[in-house]
Structures are given as C-alpha cells and as structure tokens.
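Order of the sequence lines sets the chain letters (A, B, ...), proteins ahead of strands, with each chain counted from 1. Predicted, not measured: the structure shown is a model, and the values here were computed from it.
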Amino acid sequence: MSFRAKVYDMVRQIPAGRVCGYGDIAVLCGSPRAARQVGYALAALRPVDGVNGVAEDPKGRAVPWQRVLRTTGHIAFAGDPVRGPLQQRLLEEEGIVFEQDRTNMEHFRWAPTVEELKG
DNA sequence: TCCATGACTCCGC
DNA sequence: CGCGGAGCCATGG
C-alpha cells in the first residue's frame, strides 16, 4: 500500500468537528518526517464538487481534506483565494471555531484510538 | 536512476 | 510574533 493510500485512509477516519495536523497524519502513516508529502497527497485529490469541497482519491472515495491543518492551526492553503476560504467555511460548518485566521489545535485535534488504528 | 516538485516544519534572528 | 533558509521524502517524468 502506497504512502498516499495510507494518508487517504487515515484522513477518512477524522470525524467531523475534529482536525488533524499534516505531521500527525505523517506519523500515523509510518513516515514521521513526511508531513510535506501528506500535503502533496491531498493536493493530488480529484475535485468533484468545488462548491461543497468534495474531492475523491484515485479509488473514487471521498476524502475530508479540509480536516487537515498546519500544526499552528492555520489553513495551509490560505493563500488560495478559493480553497482557503472554502476550507475555513467547511470546518466552521462542522463546528470548528476560528480565532483570527487559526483554530485552537489543542482543543480540536483528533487522535485515533487503538481500535481505529486496526483498520 | 536521477532530478524537480511541494496543501510542511523546525530553527535562528 | 514574522521571515527566510534548510531539511524532509513520496511521486512522477
């Protein structure tokens, strides 16, 4: 199983209302230093519905990419005029609270349980 | 096989 | 705090 496939599977497990850092996903996928590659994996998703932010992986399964943020709580693609605001909107609809342009990672960070990791 | 590309991070200033 | 630079490493050509 490729690194990207692991990333997609892991991101799919993040429940609505919770977020995770790129680095966190990298660790959970077995490559602690590959945070950047996690972002690259999400960038490779195929956009399906631009308005609702739906994107799928190569297998056609939807991936909640909006739940992955920088460790600082900032939206990684903030510079993107479309995806930046979209990501924040999607997260706020799930109950994530933004203070200025960042979230409180301490409060919203998600970590899988042992059971969830068995997958 | 080598090389460029990056939705990242850590560190120093 | 913010900024720039260096390190990181999975992919694809």
*Protein-nucleotide distance (A:Arg83, atom CZ; B:dA7, atom C1'), rounded to Å*: 8 Å
_Is any side-chain heavy atom of A:Tyr8 closer than 4.5 Å to one of A:Leu45?_
yes
_Given B:dC8, B:dC10, B:dA7, the nucleotide with the shortest approach to the side chain of A:Ala35_ = B:dC8
_Stepwise side-chain contact (heavy atoms from CB on, under 4.5 Å) check, A:His107 with A:Val97_ = CA-CA 10 Å; A:His107 185 71; A:Val97 179; over 6 Å; no
*Check every strand shown and say whether A:Arg4 touches a base, only sugar-phosphate, or nothing at a heavy-atom separation below 4.0 Å.*
sugar-phosphate
*Would you kindly give the CG-to-C1' distance between A:Leu90 and B:dA7, to the nearest whole Å?*
14 Å
*Full working for side-chain contact (heavy atoms from CB on, under 4.5 Å) between A:Leu69 and A:Leu91*: CA-CA 11 Å; A:Leu69 304 169; A:Leu91 290 176; 3.9 Å; yes
*Tell me: CZ of A:Arg36 to P of B:dA7, nearest whole Å?*
8 Å
*Could you list where the contact with chain A starts and ends along DNA chain C, reading 5' to 3', using a 4.0 Å heavy-atom cut-off?*
C:dG7 to C:dG12
*Within 6.0 Å of CZ in A:Arg12, more than 12 heavy atoms from elsewhere*: yes
*Taking for each residue the nucleotide of DNA chain B bearing the nearest heavy atom, is the 5' side occupied by A:Gly21 or by A:Tyr40?*
A:Tyr40
_A:Trp65 side chain vs A:Gly53 backbone, donor-acceptor pair below 3.5 Å_ = yes
*NA contact type, A:Phe3, heavy-atom cut-off 4.0 Å: base, sugar-phosphate, or nothing?*
sugar-phosphate
*Between A:Arg4 and A:Tyr40, is NZ or CZ placed under 6.0 angstrom from the six-membered ring centre and within 45° of the ring axis?*
yes
*Round to the nearest Å and state the distance from A:Arg67 atom CZ to B:dA7 atom C1'.*
16 Å
*Distance, rounded to the nearest Å, where A:Gln87 contributes CD and B:dA7 contributes P*: 13 Å
*asked:* Within the 4.0 Å heavy-atom criterion, would you say A:Ser2 contacts the bases, only the backbone, or no part of the nucleic acid?
replied: sugar-phosphate
*Whole angstrom value for the distance that separates P of B:dG6 from CD1 of A:Ile25*: 22 Å
*Verdict with reasoning, A:Val11 to A:Gln66, per side-chain contact (heavy atoms from CB on, under 4.5 Å)*: CA-CA 9 Å; A:Val11 173; A:Gln66 73 273 24; over 6 Å; no
